[in-house]
Every structure is written in structure tokens, then in C-alpha cells.
Amino acid sequence: MPTYAAPLEDIRFLLNDVHDVSQLSKLPGFEEATADVIDAVLTEGARFCEEVLFPLNQPGDAIGCTYENGMVHTPPGFREAYKQYAEGGWTGIAASSEFGGQGLPEAVRFVMEEMLCSANLSFSMYPGLSHGAYNALMSHGSDELKERFLPKLIDGSWAGTMCLTEAHAGTDLGIITTRAVPAGDGAYQISGQKIFISAGEQDLTENILHLVLAKLPDAPSGTKGISMFLVPKFLPTEDGKPGTRNTVTCGSIEHKMGIKGSATCVLNFDNAKGWMVGEAHKGMRAMFVMMNGARLAVGMQGLGLAEVAYQNALSYAKERLQGRSLTGPKNPGAPADPIIVHPDVRKGLMRMKAFNEGMRALAYWVGILIDVEHRHPDAAKREEAVDLVALMTPVIKAFLTDKGFDNTNIALQTLGGHGYIREYGVEQYVRDARIAQIYEGTNAVQALDLVGRKLPMEGGRLVRRFFEMIKSDLERWSTDDQFTDMTKSLGDALYKLQKATMLLAERAFANPDEAGAAATEYLHLMGYTAVGWQWLRMAEVASRKLAEGGDGSDRKFLGAKLKTARFYFSRLLPETATLLTAIQSGAAPIMSMGVEEF
Ligand SMILES: Cc1cc2nc3c(=O)[nH]c(=O)nc-3n(C[C@H](O)[C@H](O)[C@H](O)COP(=O)(O)OP(=O)(O)OC[C@H]3O[C@@H](n4cnc5c(N)ncnc54)[C@H](O)[C@@H]3O)c2cc1C
């Protein structure tokens with residue numbers, strides 16, 4: 001049976017020592033979100049994830065969701081767990097107190113998101129989509145829509161979905177055919193079919209609010225003609241109760257590789273009543289609020305699954321006795337040594353640990369930036385945060401899910417044949433992790449967003465800021481002998497990233513295929529470098545704290561941090577060389593072959 005313990009020691013190290021979470025309580029509106037309050041909330045969140053959600057994860061995978069006459073039943077225990085989750089205030093943890101939310105920083109929800117995904121990714125999808133719908137309504141909904149619907153989303157009695165995909169329109173939303181016709185009373189009639197809609201139907205909440213992309217009769221073609229509509233499953237009565245059933249129905253659910261406890265629905269809209277959110281033809285702008293939040297959340301899915309997979313691989317590697325250490329028996333009283341003595345097994349464990357902890361550091365840094373972006377009184381600080389969040393969003397989504405998936409796979413390998421067997425639980429993490437590389441815009445699309453939109457944005461200001469931050473940390477620590485190897489390794493990676501950036505700027509202008517051919521490797525080059533930067537910061541803090549003293553368990557944790565940092569810089573960051581070589585090879589080796597030659 002798999003186990004999960006929330007990595008609270010690492011979470012506290014990052015929040016308190018590396019990223020200074022206490023800065024949040026200095027932002028207007030967050031005065032009460034002190035480091036102690038945040039710690040208490042996360043400790044309780046960890047308990048909920050470990051004790052309530054994690055035990056439902058394996059049975060949820062085995063039983064999955066079931067569909068019957070338009071109704072979806074979530075796996076056993078999900079309803080009760082959701083009730084507890086909503087009653088505990090978790091559905092509104094980072095939502096505005098004006099509408100009944102807890103008003104805590106987004107950074108806190110970010111950390112909670114990781115723990116939720118480790119414990120039960122399928123369950124996390126339901127409140128996750130509701131929070132996305134909350135964000136979209138909060139920033140683009142009219143006052144009337146906000147007052148009517150936000151309190152229900154926040155208290156968790158109603159849930160949200162995002163309805164973009166159609167059978168013929170996935171990545172290319174410009175060709176959707178769902179139509180919205182004005183009904184004459186300020187509302188619209190929506191008709192069309194959406195597929196793959198997560199949480200499109202479920203038995204957890206009394207109502208569901210679908211945020212639907214559709215086109216008005218006079219819409220321009222392409223993405224510029226898309227509008228967004230709020231379409232409730234039940235039309236609310238005057239007193240805010242679910243009233244008449246709207247004409248949106250669930251036609252079926254998908255049978256899929258993973259996240260089997262998350263209902264993936266076909267939704268049919270047949271003149272369903274809805275209200276426009278935001279302006280006509282500007283639906284993508286509103287949906288991007290939801291999508292950007294969701295992209296960051298999907299990154300946390302990759303990290304969350306990588307963490308729980310690592311924990312189970314580690315405990316197995318310490319117990320499984322096979323073979324002898326190459327340097328002589330380490331467990332002479334037993335017939336064999338635990339497999340953790342073998343360099344190859346260790347290499348996998350170290351790789352998972354180094355990526356997971358580095359990606360966590362990067363993600364939490366971005367989580368805090370989101371709050372700075374929204375609340376900092378200094379406009380220059382807000383602008384800096386906006387830039388960095390925009391630059392990092394595709395990196396968090398794609399790098400954390402690519403490496404997250406790889407790590408679940410390494411964890412499976414650590415268990416050998418037992419990894420392939422269901423009862424050990426790790427094969428579920430591999431299956432569950434795979435979708436995160438696909439939905440919310442495939443990772444290829446994230447890479448194109450980074451290279452095609454984020455790099456040229458504001459004349460290159462976003463990426464310049466990022467380079468400057470790393471450079472100034474490198475300058476600060478390069479004179480300190482204990483960090484020489486690390487700063488050299490990070491300096492090399494930064495040099496490669498800058499070189500690749502220049503190369504793209506030169507080549508892509510003349511031939512856009514150059515950008516497309518290099519995009520994924522470029523995103524990974526940035527991901528490796530960003531995580532390396534976070535490792536340098538963590539190493540500096542760990543070394544400083546060790547010098548200050550500390551007790552036994554603290555010293556063990558800090559010592560392991562430094563060793564993991566060294567592993568990252570000596571074994572993982574040099575992998576950037578291959579990425580740069582691939583980028584330099586250009587588009588020709590990929591594009592020169594005719595379609596008929598394949
Ligand atoms: C379990 C699950 C849950 C989902 N949940 C939701 C949901 O809640 N709401 C929702 O609206 N959708 C949802 N989706 C849909 C999901 O977002 C899409 O599957 C995804 O965006 C990709 O679209 P597609 O499947 O049509 O693939 P396609 O767009 O057909 O892409 C196929 C391949 O071509 C590549 N490709 C396509 N266009 C380009 C391009 N321009 N440049 C480079 N490469 C390209 C892609 O990277 C991909 O590898 C879900 C899907 C699944 C499987």
C-alpha cells in the first residue's frame with residue numbers, strides 16, 4: 001500500500017527561510033496572513049490531505065466515475081470528503097472575503113494545491129476548476145454575476161467548469177462552432193457540443209456553473225470572435241437556489257488512462273440559457289485568466305505526483321533487499337543489501353529529489369509573486385511581478401509536468417516489477433501524471449507561448465529581468481569559495497540560455513519554423529536554469545543556517561539540502577548542453593523531409 005506524508009519540513013524551509021513568506025503580511029489586505037497563520041493553515045491542510053483524501057485515491061482509481069442516464073457518480077467517499085473540504089473553508093481559501101472567502105494569499109493555495117495533487121489528483125480537479133471559474137468571474141464578470149454566483153463558488157455548494165474543447169477544436173480554439181444567440185432579455189441561448197470537460201457533471205455539488213466559449217452570430221472568424229458565457233446546470237431562483245434545469249446535459253464520460261476519479265464529460269448545450277462574461281468577442285481574454293491560473297495549477301499536479309511517487313520509491317529502496325553493494329556488504333546480517341546501496345538506484349532517487357525540491361522552490365517563488373502582482377503598493381514591484389509570472393507560467397506548466405512525469409516513471413523503475421503492479425500504487429501515479437503534459441494547452445503549446453509571445457513581449461523586458469536576477473545572485477555568491485562550483489555551473493547554464501535567446505531572436509524573424517523547432521528545448525533550458533537558480537538560493541540558506549548551529553534533525557535536513565544542490569549542479573544542470581546543441585542545429589533537420597518521405 002502506498003503512503004504519503006506532506007513534505008512540511010521542506011515547505012517550511014522554503015516559505016520561511018528561502019522565500020520569506022512573512023513579506024505577504026505586509027501587503028494590503030493580507031495583514032493577518034502572518035507566517036504563523038500560514039503555517040497553521042498548511043499544517044491542517046496537510047492533515048486533511050493525508051488522512052481524508054489520500055485513502056480515497058487508490059480506490060478512486062480502481063472504481064472510477066460511473067455514468068448513468070446523464071448523471072455521474074464520483075468514486076465512493078468523494079462526496080463525504082468534498083463536504084468536509086467545503087465545510088472546512090478550503091473552497092474559498094484564497095477567495096475574496098467580500099464574497100465570503102478566507103482572503104488568504106494565493107501562495108497558500110499554491111502550496112495546498114501541491115499537497116492535494118499528491119494525495120488525490122482526481123479529487124483536486126473538482127475544487128481546482130471551481131477556483132479557476134471564480135478567478136475568471138472575479139476579474140471579468142459583471143457586478144450582478146459576481147454577486148449572484150461568487151458566494152456559491154466560494155462556499156463550495158456550486159462548482160465550476162471550463163468548456164473550451166470541441167471534437168474538432170482542441171489547440172485551435174479559433175475554429176469552435178458552439179453558437180450563442182441573444183435571447184432578447186440580456187441572456188443568450190448556447191448550442192453546441194463540448195468534449196473532455198473535467199467535472200462537467202458530478203454528484204458533489206447542488207449546481208454546476210459552466211464557463212463556455214462560443215461565437216455570436218456576427219462574430220469575426222478565429223479567436224478574435226470568441227465570447228465567454230456562464231451557463232448554469234440549474235438556473236438560479238430569485239433567492240439563489242438551484243431552480244429550473246437548464247438544457248445542458250452530459251452525454252457520456254470518457255474511459256481513460258488515468259485520473260479515473262475525475263469525470264471527463266461530453267456536454268451537450270441545446271439552446272441552454274447563459275450570460276455573457278466580459279465583452280463580446282473578447283472571451284479569450286476572460287478565459288485566459290482561468291487558463292493562466294489553471295496552467296500553474298497543472299504544474300503543481302506534476303510536482304505533487306512526483307513527490308508522492310518519490311516518497312514511495314524511497315521507502316521501497318530502503319527496504320527491498322537485492323544484491324550486494326559494489327563496495328562490500330552494507331547489511332551483512334541479512335541475505336542481501338537494500339537496493340538503495342546501488343549507485344543506479346540512488347541516481348534515480350537523487351534525480352527525483354533534486355528536481356522535486358528545486359521545482360517546489362521555483363513554484364512557491366511564483367506563488368508569492370502572484371500576490372505581489374495583485375497587491376503590492378509599489379507599481380514598479382507589481383510590474384516586475386507581472387512580467388515574471390507571465391514568463392514563468394509556461395515554464396511551470398510544461399517543465400514541472402514533463403519532469404514530474406519522468407519522476408513518476410523513475411519511481412516505478414525503482415520498484416522493479418512491483419512498480420508495475422497495481423497494489424503498490426506507483427503505476428497509478430505514472431498514469432495520472434501523463435495527462436498533465438496534455439491538457440491546459442499541450443506542453444508543445446506552452447513552449448510556443450514562451451518563445452513566440454513571452455520572449456518578444458515588452459521588447460524582451462520579461463526575459464531580461466529574469467536574467468538580471470540570476471546574474472545579480474551569481475555576482476553575490478561567486479566570491480564565496482563554498483559556492484564556486486555551483487555558481488560556475490549556473491553561470492554556464494545562464495550563458496547557454498542567453499545564447500539560445502539571441503539565436504532565436506536572430507533566426508525566428510526570418511523563419512518562424514526556427515522558433516517552433518527550438519521551442520521545447522528552449523523551455524527546458526529555461527526550466528533547468530530557473531531550478532538551478534533556486535538551488536543556489538537554497539544552498540546559500542542551508543549553508544548559512546548550518547553555520548548558525550541548529551539541532552540534529554535540522555542539521556540532517558540542511559546537510560541533505562547542500563548535497564542535493566551539489567548533485568543538481570554536477571549531474572543535472574549539465575544536461576543543458578544537449579538542449580543548446582539541439583537548438584543550434586536549427587529547423588532544417590526537422591523540416592527538410594517532405595511529408596511523403598516519412
Ligand atoms: C482528461 C482530460 C481532461 C480535459 N479537461 C478539459 C476541460 O476541463 N476543459 C476543456 O475545454 N478541455 C479539456 N481537455 C481537453 C484538452 O485541453 C485538449 O485535449 C488539449 O488542449 C489538446 O487538444 P487536442 O486533444 O484536440 O489535441 P490537438 O490540438 O489535436 O493536438 C494534437 C497534437 O498536435 C500538437 N499541436 C496542435 N497544434 C499545434 C501547433 N499549433 N503547434 C505545435 N503543435 C501543435 C499538440 O501539441 C498535440 O501533440 C481535457 C482533455 C483530457 C484528455
Side-chain angles (χ1 to χ4, degrees), residues 61 64-65 72 121-122 124-133 136 159-178 192-202 208-214 222-223 226 228-229 231 248 250 252-267 269 283-284 286-288 290-295 297-298 301 305 394 397-398 401-402 405 431-453 508 512-523 587 590-591:
D61 178 61
C65 290
V72 169
L121 175 56
S122 288
S124 78
M125 297 284 289
Y126 298 99
L129 282 149
S130 297
H131 187 71
T161 72
M162 54 193 292
C163 302
L164 291 70
T165 307
E166 300 178 8
H168 66 289
T171 302
D172 189 357
L173 292 171
I175 56 174
I176 60 167
T177 53
T178 299
Q193 187 182 67
K194 296 286 177 180
I195 67 163
F196 293 165
I197 304 309
S198 299
E201 181 57 51
Q202 34 82 357
I208 304 175
L209 306 177
H210 303 292
L211 289 182
V212 186
L213 294 186
T223 48
I226 295 176
M228 186 162 100
F229 300 87
V231 183
V248 46
C250 177
S252 60
I253 58 172
E254 306 296 344
H255 303 282
K256 53 195 194 295
M257 177 178 176
I259 56 166
K260 291 177 190 255
S262 166
T264 307
C265 304
V266 172
L267 289 184
F269 297 83
M284 285 311 286
M287 192 50 96
F288 256 108
M290 188 160 180
M291 278 159 68
N292 280 331
R295 285 175 176 181
V298 172
Q301 297 183 353
L305 287 171
K397 196 288 181 174
T401 59
D402 281 348
F405 175 72
R431 286 186 288 106
D432 283 1
R434 189 62 184 85
I435 185 59
Q437 297 170 290
I438 298 170
Y439 56 21
E440 268 328 309
T442 62
N443 285 0
V445 171
Q446 303 304 318
L448 287 175
D449 176 51
L450 176 65
V451 165
R453 284 187 61 235
D513 273 343
E514 291 288 347
T520 294
E521 285 79 7
Y522 182 86
L523 182 143
I590 300 168
M591 301 308 286

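Numbering of ligands and ligand atoms starts at 1, following listing order. Just the heavy atoms: all of them, side chains too, but no hydrogens, waters or symmetry mates, feed the values below. Owing to the predicted nature of the structure, the values given are computational and were not obtained by experimental measurement.
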Quick one: does ligand 1 sit under 4.0 Å from the side chain of T264, the backbone, both or neither, non-hydrogen atoms only? side chain

Hey, does E440 sit under 4.0 Å from ligand 1 if you only count heavy atoms? yes

Determine whether L173 and M287 make a side-chain contact, defined as any pair of heavy atoms from C-beta on separated by less than 4.5 Å. no

Check whether any protein heavy atom sits under 4.0 Å from atom 30 (O) of ligand 1. no

Protein residue, atom and distance nearest to atom 24 (P) of ligand 1, heavy-atom basis: G170 CA, 3.9 Å

Based purely on interatomic distance, does I197 place a nitrogen or oxygen under 3.5 Å from a nitrogen or oxygen of ligand 1? no

Ranked by distance from atom 20 (C) of ligand 1, the top protein heavy atom is I438 O, 3.8 Å

Quick one: pull up CG in L211 and CE in M228 and give me the separation to the nearest 0.5 Å. 4.5 Å

Below 4.0 Å, non-hydrogen atoms only: which portion of K194 touches ligand 1? Side chain, backbone, both or neither. neither

Can you confirm whether something in the protein, heavy atoms only, sits under 4.0 Å from atom 33 (C) of ligand 1? no

Can any side-chain N or O of T264 pair as donor or acceptor with the backbone N or O of S198 at less than 3.5 Å? no

Judged by heavy atoms only, the candidate from T520, T165, T442 nearest atom 46 (C) of ligand 1 is T442

Would atom 6 (C) of ligand 1 count as contacted, meaning some protein heavy atom under 4.0 Å? yes

Within a strict 4.5 Å, meaning less than it, do heavy atoms of the P394 and L523 side chains meet? yes

Which residue owns the protein heavy atom closest to atom 21 (O) of ligand 1, what's the atom, and how far is it? G441 N, 4.1 Å

Which of the ligand 1 atoms, numbered from 1, are nearer than 4.0 Å to a heavy atom of L448: 42 (N), 43 (C)

Ligand 1 to D172 polar contact by distance, N or O atoms, under 3.5 Å: no

Nearest protein heavy atom under 4.0 Å from atom 13 (C) of ligand 1, yes or no: yes

Would you call I253 and E201 a side-chain contact if the rule is heavy atoms closer than 4.5 Å? no

If I apply the N/O under 3.5 Å rule, does T171 come out as touching ligand 1? yes

Tell me which protein heavy atom sits closest to atom 19 (O) of ligand 1, plus the residue, atom name and distance to 0.1 Å. F196 CD1, 3.9 Å

Is_contact(atom 41 (N) of ligand 1), protein non-hydrogen, under 4.0 Å: no

Contact between I435 and M257 at the side-chain level, heavy atoms closer than 4.5 Å - yes or no? no

What do you reckon, is CE of M591 surrounded by more than 12 foreign heavy atoms closer than 6.0 Å? no

Donor-acceptor contact present, side-chain Q446 to main-chain E440, <3.5 Å: yes

Kindly indicate whether the side chain of I259, heavy atoms from C-beta on, has any atom under 4.5 Å from the side chain of Y439. yes

Return the closest protein heavy atom for atom 9 (N) of ligand 1 as residue, atom name and distance. M162 O, 2.8 Å

Side chains of I175 and E166, heavy atoms from C-beta outward: is any pair under 4.5 Å? no

Contact atoms of ligand 1, heavy-atom distance to A444 under 4.0 Å: 47 (O)

Nearest-contact summary for atom 8 (O) of ligand 1 - protein heavy atom, Å: S198 N, 3.0 Å

Ion pair present between D449 and K397, side-chain N to carboxylate O less than 4.0 angstrom? no

Which atoms of ligand 1 have any heavy atom of I435 under 4.0 Å away? 1 (C), 2 (C), 52 (C), 53 (C)

With side chains defined as the heavy atoms from C-beta onward, is the minimum distance between L129 and T161 less than 4.5 Å? no

Q301 side chain near T401 side chain, heavy-atom distance below 4.5 Å: no

